[in-house]
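For reference, the structure is listed below as C-alpha cells.
To find a chain, count down the sequence lines: A is the first, B the second, and so on, and within it residues start at 1.
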Amino acid sequence: MATKPHPHERIWRTVLAVPEGYVASYGQIADLAGLPGRARMVGKALGFAPDDLQVPWYRIVRSDGRIAFPAGSEYAERQKQQLLEEGVVVLKNRIKMNEFGWKPDLAELLMKLEF
DNA sequence: CGACTGACGCCGA
DNA sequence: CTCGGCGCCAGTC
C-alpha cells in the first residue's frame with residue numbers, strides 16, 4: 001500500500017513518471033509529489049538524484065517553459081541537447097508548454113506512483 | 001535567531 | 001517581452 005518515502009524520493013519517482021517527449025515544471029512536480037509550495041526543493045532533489053535511478057532531470061523546466069539554467073551555460077546546453085534528442089523543440093532556451101507540457105492522466109498517475 | 005541563498009512562481013511596471 | 005520585487009521553503013552560516 002501507500003508508503004511515505006522521504007520527500008526527495010517522492011520527487012524522483014514523480015519525475016520518473018514524466019514521459020519521453022514531454023516536460024513538466026518544478027512546481028507541477030512538487031504538487032504531484034504531494035509537496036505543494038516546494039518547487040525550489042524539486043531543483044535541489046534533482047541535484048541529489050542518484051545516477052542509478054536514471055531520473056530524467058532534463059524534462060523539468062520553469063513554469064513558463066524556460067530552462068532554469070542560464071542560457072548558454074554548460075548545464076543549459078546539455079539539457080537542451082537531451083530534450084532535442086527526444087523531439088522536444090527548444091528555442092531561445094525555452095519550450096512551448098502548450099505543445100510539450102505534460103498533462104498527466106490522474107488515474108494512470110495514481111496507478112503509477114503509489115507513495 | 002536573523003541574514004543569505006537558490007535548477008521557483010506570480011504579478012505589476 | 002524583459003525586469004524587478006516579493007512570497008515561498010529548506011539549507012547553510
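For A/Arg66 and C/dC1, the CZ to C1' distance is 10 Å, given to the nearest whole Å. Between A/Ile11 atom CD1 and C/dA10 atom C1' there is a gap of 11 Å when expressed in whole angstrom units. Here B/dA7 presents its P atom at 15 Å from CD1 of A/Ile67, a figure rounded to the nearest Å. Atom CG of A/Asn93 is separated from atom P of B/dA7 by 14 Å (rounded to the nearest Å).
For A/Arg59 and A/Glu86, the salt-bridge test passes: some basic side-chain N is under 4.0 Å from an acidic carboxylate O. Classification of A/Arg62 and A/Asp64 as a salt-bridged pair fails, no side-chain N sitting under 4.0 Å from a carboxylate O.
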Assign a letter to each nucleotide of nucleotides 8-13 of chain B from its 5' end: B, base within under 4.0 Å of a protein heavy atom; S, sugar-phosphate only; -, no contact. BSS---
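The CE atom of A/Met41 sits 12.0 Å away from atom CG of A/Leu46, with the distance rounded to the nearest 0.5 Å.
Note on A/Tyr75 and A/Leu91: same hydrophobic cluster, where clusters join Ile, Leu, Val, Met, Phe, Trp and Tyr whose side-chain heavy atoms are under 4.5 Å apart, directly or indirectly.
At a threshold of 4.5 Å between non-hydrogen side-chain atoms, the residues A/Ile29 and A/Ile60 count as touching.
A side-chain donor-acceptor contact under 3.5 Å links A/Trp12 to the backbone of A/Ala45.
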